[in-house]
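Inspection log for the structure reproduced underneath, given as structure tokens.
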Amino acid sequence: MTHLAEFIRQLPKAELHMHLEGSIEPEVMLALAERNGIKLRWETADALRRAYDFSSLQDFLNLYFEGCRVLVQQQDFYDITRAYLRKCAADQVLHAEMFIGPQSFTERGVTLQSLMDGVLGAMDDAHREDGIGSGLLISAHRHRTETEALALLDSIMPWQDRVAGIGMGGPEVGNPPSKFVSFFAECKRRGFKTSIHAGEEGPAAYVREAIELLNVDRVDHGNAALNDPSLVELLRQRQIPLTVCPLSNLRLKGVRSLELHPLRRMLEKGLFVTVNSDDPPYFGGYVNENLIEVQRCLGLSREDILTLAKNSFRAAFIDETAKSRFVASIDDYVAHHPLP
Ligand code: ADE
Ligand code: ZN
């Protein structure tokens, strides 16, 4: 391993774009299916892993939603959340903001109570046992209606104080941000931070809608913004964070190679970018592998890596005191790890 790769692994960082349903390792997926008496199309973890060969976002989402079927009981939600947060502890991810999309589960009769008790219980234990901070992001599906999104918002209000933000994912093209203007306005009115996936497969116009119509606090992905110079200027001026997911973009054919990934250009243009894993087992890496691979393929400097790590804390949905404390932990790390 290169010095810089080892430096990245030990560097304090946050992850802001990771879907809990997309964090299930194949072995765990099979064990959960067995525990819940659910028949999957794959018999072995290797067979499942071989299926992780996607032609597009929709191709991936079909498998992702199929995998959601193995999550049924409170313990299932606890186990996958705890496993991901253990990985954070091993990878120096000191703060993690995790999406979950309850609509996949409540439509099958899983109660929101069991989902929330499982996830929140694991977050509490990870904090107590490993000192890992985390936030829960409730994600609505963009292929469903705005009325359904509003119903989801109503349903999570009993946990309002435990929800760090509201997001939106799912098939992007044909489901523009403009479809959800009232929903995002209502999220804001109720005091929630917000984000939406935009510019992953969709055009720059969707990223513009996310900012101008929805007023989101962060944009998830945002890659297509680079096709519109005036939008780049808007993102730069307002310093709206983009949660970029390089290995996800590679595996979903958003970029042909990591060498062609827009992250470097985003940094050069002064955009507020962070690096994240999206759905780590599906795309072949957690946040450290994403950082190590983009560093290698784009020739990022140590300063670039430090910018990305500091951005990850500065873009988090946490208070300013916590941000400063985390950023100081990076400065402290650098002071003790001079690179050749
Ligand atoms: N849900 C999980 N991963 C996603 C992605 N990359 N884009 C949209 N929705 C998602
Ligand atoms: Zn995502």
Side-chain angles (χ1 to χ4, degrees), residues 14-25 29 51-71 80-81 84 96-105 107 119 135-144 148-149 152 164-177 179-180 194-203 206-207 209-210 214 216-225 241-255 261-263 273-287 290 312 315 317:
E15 172 152 67
L16 307 178
H17 182 167
M18 202 293 303
H19 302 263
L20 280 169
E21 308 92 316
S23 74
I24 313 173
E25 290 287 344
M29 177 85 76
Y52 296 172
D53 178 22
F54 308 112
S55 58
S56 65
L57 173 58
Q58 186 63 62
D59 189 33
F60 156 69
L61 288 171
N62 293 340
L63 199 70
Y64 167 90
F65 287 127
E66 198 172 339
C68 286
R69 289 165 48 232
V70 305
L71 299 173
I80 63 157
T81 308
Y84 167 71
E97 296 182 0
M98 309 167 296
F99 288 111
I100 194 158
Q103 289 159 311
S104 299
F105 309 102
E107 74 171 2
V119 172
L136 182 59
L137 306 172
I138 297 293
S139 184
H141 292 154
R142 68 195 316 149
H143 51 293
R144 298 180 196 258
E148 288 172 293
L152 169 65
I166 310 281
M168 179 164 279
E172 186 182 2
V173 175
N175 296 296
K179 181 177 164 187
F180 293 97
T194 59
S195 76
I196 186 168
H197 286 54
E200 179 185 17
E201 272 193 349
Y206 284 18
V207 180
E209 284 184 12
L214 307 186
V216 288
D217 297 287
R218 296 198 297 241
V219 172
D220 296 309
H221 296 289
N223 300 16
L242 307 179
T243 63
V244 177
C245 304
L247 288 174
S248 166
N249 300 149
L250 182 68
R251 295 297 192 96
L252 299 187
K253 311 290 189 280
V255 290
H261 195 279
L263 182 74
V273 282
T274 67
V275 166
N276 307 269
S277 67
D278 211 2
D279 303 279
Y282 286 102
F283 303 142
Y286 287 79
V287 67
N290 273 270
S312 71
F317 293 154

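The figures here come from the full heavy-atom set of this structure, side chains too, leaving out hydrogens, waters and symmetry mates. Counting convention: from 1, in listed order, for ligands and their atoms alike.
Using a cut-off of 2.8 Å, one finds that Asp278 contributes an N/O/S atom close to the Zn ion (ligand 2). Put simply, Cys245 stays out of reach of the Zn ion (ligand 2), with no N, O or S atom under 2.8 Å from it.
Taking every heavy atom of Asp279 and a limit of under 4.0 angstrom, the matching atoms of ligand 1 come to 2 (C), 3 (N), 4 (C). Within ligand 1, the atoms closer than 4.0 Å to a non-hydrogen atom of Gly169 are 9 (N), numbered from 1 in the order shown.
Counting heavy atoms from C-beta on, the side chains of His17 and Thr274 never come closer than 4.5 Å.
Contacts of Glu172 with ligand 1, taken as heavy-atom pairs under 4.0 Å, are absent altogether. At a heavy-atom distance under 4.0 Å, no atom of Phe99 approaches ligand 1.
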| query | When you look at Glu25 and Tyr84, which way does the side chain to side chain donor-acceptor pair (under 3.5 Å) test go after all the steps? | reply | CA-CA 10 Å; Glu25 290 287 344; Tyr84 167 71; over 6 Å; no
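Residues that satisfy the side-chain hydrogen bond (donor to acceptor under 3.5 Å, both in side chains) test with Glu201, not counting sequence neighbours, are absent from this structure.
Taking a 4.0 Å cut-off on heavy atoms, His221 registers as neighbouring ligand 1. Taking 4.0 Å as the cut-off, Gly22 does not count as a neighbour of ligand 1 on heavy-atom distance.
Although no hydrogens or angles enter the test, the distance criterion places a donor-acceptor pair under 3.5 Å between the side chain of Asp217 and the main chain of Thr194.
Checked by distance only, ligand 1 and Leu252 stay at 3.5 Å or farther apart across all their nitrogen or oxygen atoms.
Between Phe99 and His197, the distance from one ring center to the other falls under 6.0 angstrom.
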